[in-house]
There are 2 protein chains.
Amino acid sequence: MVTLHDVARAAGVSISTVSRALSAPDKVAEATRRRVTAVVQELGYTPNRAASLLRSGRTGSVGLVVPDLENPYFASLAKGVQSRAQEAGMSVLIADSDENPRHEPELLSQLVQQTDGVLLAAPRDLAADFGVMDGTPAILINAEHPDLASVSVDYEEAMVRAVAHLRALGHTRIAYVGGPTRSRSDGQRRAGLKLAGDQYDGLEILDLGAFSPKVEGGEAAADLALGSGATATIAYNDLVAVGLLRILARRGVDVPAQMSVMGCDDTLASQLATPALTTMYVDIRGAGEAAVNMFLELSGRTPGKGRVSDLAEHRTLPVQLVVRDSTAAPRRA
Amino acid sequence: MVTLHDVARAAGVSISTVSRALSAPDKVAEATRRRVTAVVQELGYTPNRAASLLRSGRTGSVGLVVPDLENPYFASLAKGVQSRAQEAGMSVLIADSDENPRHEPELLSQLVQQTDGVLLAAPRDLAADFGVMDGTPAILINAEHPDLASVSVDYEEAMVRAVAHLRALGHTRIAYVGGPTRSRSDGQRRAGLKLAGDQYDGLEILDLGAFSPKVEGGEAAADLALGSGATATIAYNDLVAVGLLRILARRGVDVPAQMSVMGCDDTLASQLATPALTTMYVDIRGAGEAAVNMFLELSGRTPGKGRVSDLAEHRTLPVQLVVRDSTAAPRRA
DNA sequence: ATGAAAGCGCTAACAA
DNA sequence: TTGTTAGCGCTTTCAT
């Protein structure tokens, strides 16, 4: 293994000069810097992370806690976190709580000691998690807390736009298949729906109730949607929409001719569904990147590359309509 | 931060005793051990990773290189790797090459210096990757190399079983939508198909050619499948099968009544498709876990928990048939 | 069975 | 601008 010593000797300088040449190039004479970097190249020196971290007290990694890596939503989030962190020279430790909130505190306390900060995606029990964090900076994703920075998707706006799309197609009775009652993001969606409902005359929004945010949830809601007299249904997310599609197909209902269906999140699921789902694109990767950026600032690291700074304590991400094959004008009565 | 020193002082012993009590309990008197562990509990001591790693020369992490974290196949793989590594007290650094083989060597050389070993999932250019690895243990996933240990899915067997399923339903003309020509796993699949074709009398396997292993690939192949006179089509993977379904639906072809379709891998995609895909389950998470186990042994760490040891240089994972809604008996002529 | 002590490779004062 | 030096917290001989 090549160490600072080897480089120093070969370059005829002291180890601190080498160290500086690498981490604070402007504090070293140009000529020296060049000589040092040349030797570094030649010898193939790579800094020993453990040593530098031990000394500096930093770990060079961020932790990311997700409920399930196999869920495309969180896979995308992880991808965003990963790419931004890599750019910033940090690594990402991913902890998968396996949808089990009871694992979270344990996972977290493990992560906390191995990272400079943690990004919490949809933690179930923030209070419990909070205890073990012990001063480590944390960023919440799609959740909020007075003491913590956070990043979230603008689900309210998402629903306003979804309704606008359906309304423009001519729908006047729209059903909503809700997600977990206690979920903050379901609340946001409902707020958006209300806003949209109030905005347009002669538009009715039907609340079908709370369902599991998975394919099963949609399957459970499908017949309710059919019976409601709605000509369009908005689902809590893409998976729920897929569940709707499944049962509707089984009932011989033609989507979109007889019933329009919208998903939310634009995950892979919306592209895989048949028909492909009209959905609201939310920039989940962007959320991951934004979370890393926030962490970087919070911890006083340089955000790099002249990006716009995310100084805000809370950042809301924009959404976008994606029209595919599952929505159309309602059939004339 | 609580250090060994603090514990030592509180327990009235030396730091080396504490260290031993923790890492080699049998080399310490029972009474001492108990006293030490009590103090550890009380003070909430947790070892400083950086320090211990610096001293021992290990990093405590494994690297995982995947082409795309958003692909459900690799998401599952990552999940498997993650969970087993966590169990073994190691962390996972995930590098996403973003489907760009040219990134791989660079990513790899970064990973290599931050980890004790790397797990390579489907590297595109092994030769190039090889150069930068520089003695770091590596495990190949779904690829093989004479000098490297590897884990792969038994795609040959998968195809044999797929054909058996269709044959049992009464199909005699079966089309195959192939994946990338140079892909080793496509070769395996073809070998399996040949085996199955030879095994049964009056069974015809039609090769539709090589396609992109994504939804688009299936879309491209759909009309070929229809024109081939086959009553069933096996796709390279689930995504390709979804592409088939999409076009078949557009052509008004009833799946499975007029055409049976099979996917492969049992990723999320197969459950999301309409109709849900009959597919071959392959234990991708298991592959990830097996890869970690192999690494653990290769590097002389204890595999823990009395698991069956994966001493083999190469491990093949079993597959399983999953019947859903996309296959049925062919319509009587 | 336990303790003393020597570093692992690096960073960050502090001096020069 | 550069060099000297003191550790970071831990593991691991080597004594005792």
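So you know, we letter chains A, B, ... as the sequences are listed, proteins then strands, and number each from 1. Predicted model, so just to flag it, every value in this text is computed and none were measured.
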Is the closest side-chain heavy-atom distance between B:I139 and B:L120 below 4.5 Å?
no
So does A:V28 get a backbone contact from the side chain of A:T32, meaning a donor-acceptor N/O pair under 3.5 Å?
no
B:R34 CZ - C:dT2 C1' separation (whole Å)
18 Å
Expressed in angstrom and rounded to an integer, what is the separation of A:K27 atom NZ from C:dA12 atom P?
10 Å
Phosphate OP1/OP2 of D:dT1: any A:T17 side-chain N/O under 4.0 Å:
no
Any donor-acceptor N/O pair, A:N71 side chain to A:D68 backbone, under 3.5 Å
no
Quick one: does A:N142's side chain have a donor or acceptor within less than 3.5 Å of a partner on A:V153's backbone?
yes
Closer than 4.0 Å, any side-chain N/O of B:S14 to the OP1 or OP2 of C:dG3?
yes
Starting at CG of B:D26 and ending at P of C:dA1, how long is that distance when rounded to a whole Å?
9 Å
Exam field: side chain A:D265 to backbone A:T267, donor-acceptor pair closer than 3.5 Å
no
Under 4.5 Å between any side-chain heavy atoms of B:I94 and B:Q82, yes or no?
no
In whole angstrom, give the distance that lies between atom CG of A:L43 and atom P of C:dG9.
14 Å
Going 5' to 3' through nucleotides 8-16 of chain D and flagging B where a protein heavy-atom sits under 4.0 Å of the base, S where only the sugar-phosphate is that close, and - otherwise, we get BBBBBB---
